[in-house]
Amino acid sequence: MNTAWMEMAAGGDAPGFGFVVTGLAVVALLLGAFILGLRHKRRRPPRPEEQPRLPDGGPVRETRERREPDEVPRGQGRLTPHELKAHGNQSDRRSATQERPRWNEGSSGSFGSGGPGGR
């Protein structure tokens, strides 16, 4: 190696140092903007229309009901989700019986659960 290569290698730090300083300045500006935004948000009290309100009918309660699955139409070719009734999310029909399905007495309820098995 000669001295020309050493001078080129020694002088190559200036652009890298500039990138580091620029990156630190950008990070400092972003942190400052974030902190100013937090201060501004804390200072302003919420307006009445921003507050949550109860529905007119009172508090909403959970309802449990069994639903009947919709059958997929057959013989029409391939269907996309938006072509299904209710977009494939949930059926419209209530089940005739609202009793919850139960496991058979004496069965383990699943495969390999370690239960006593069949009768």
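The shown structure was predicted, so the numbers you read here are calculated from the model rather than taken from an experiment.
The environment of CD in Gln51 is crowded: more than 12 heavy-atom neighbours from other residues, nucleotides or ligands sit within 6.0 Å.
Across all their heavy atoms, Gln98 and Arg66 have their closest contact at OE1-N, 2.9 Å. Annotation for Val60 and Pro55: closest pair CG2-CG, 3.9 Å, computed over non-hydrogen atoms.
Each of Leu31, Leu29, Leu30 was scored for a side chain to side chain contact (heavy atoms under 4.5 Å, CB included) with Val27, with one residue passing: Leu31.
Legend: residues meeting side chain to side chain contact (heavy atoms under 4.5 Å, CB included) with Arg47, ordered by chain and number and at least two apart, are Arg44, Glu49, Glu50.
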